[in-house]
Amino acid sequence: MALDHDVAREHDQGEEVSAATVVAYVVAALAVLGWFLYGWLVLRQGFVNSVGEAAGTGFALLLVVSIVGTVRRSRR
């Protein structure tokens with residue numbers, strides 16, 4: 001049991017997230033929300049279609065963040 005706690009402590013010591021990263025995530029979340037509202041209220045394409053389109057956009061942004069993070073880690 002002690003070994004599990006030691007391993008967990010080693011993994012908990014990650015890098016801190018910068019304020020710029022948090023701001024970028026908030027801006028991205030607001031952009032996805034805006035995209036959903038634009039499709040639903042302005043284009044009148046339906047609630048389910050707007051949710052699907054916004055979800056797809058969000059997953060694409062997560063994929064970009066993952067790729068950028070992988071490239072940045074590989075340079076270290």
Side-chain angles (χ1 to χ4, degrees):
M1 200 62 149
L3 180 62
D4 293 337
H5 292 291
D6 293 339
V7 171
R9 278 190 220 124
E10 288 177 11
H11 290 293
D12 289 342
Q13 297 173 354
E15 298 176 21
E16 289 188 23
V17 179
S18 68
T21 303
V22 173
V23 169
Y25 288 159
V26 168
V27 168
L30 290 175
V32 170
L33 179 64
W35 187 249
F36 161 74
L37 291 174
Y38 177 74
W40 186 36
L41 299 174
V42 176
L43 297 179
R44 298 185 182 272
Q45 63 184 8
F47 180 79
V48 174
N49 288 338
S50 295
V51 167
E53 195 168 316
T57 303
F59 286 129
L61 285 173
L62 286 174
L63 178 64
V64 169
V65 167
S66 175
I67 291 170
V68 169
T70 301
V71 169
R72 289 185 68 190
R73 284 186 193 265
S74 69
R75 290 185 179 177
R76 293 182 189 173

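It should be emphasised that the depicted structure is a prediction, and the values quoted were computed from it without experimental measurement.
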Do you reckon W40 sits in the same ILVMFWY cluster as L43, going by side-chain contacts under 4.5 Å, direct or chained?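 Per the 4.5 Å side-chain linkage, W40 and L43 are not co-clustered.
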For residues 21-39, which side-chain donor-acceptor pairs fall under 3.5 Å, sequence neighbours excluded?
| unit_1 | atom_1 | unit_2 | atom_2 | d |
| --- | --- | --- | --- | --- |
| T21 | OG1 | S18 | OG | 2.9 |
| W35 | NE1 | E53 | OE2 | 3.0 |

For the side-chain contact (heavy atoms from CB on, under 4.5 Å) test, which of T70, V65, L63 pairs with I67?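 Of T70, V65, L63, side-chain contact (heavy atoms from CB on, under 4.5 Å) with I67 is met by L63 alone.
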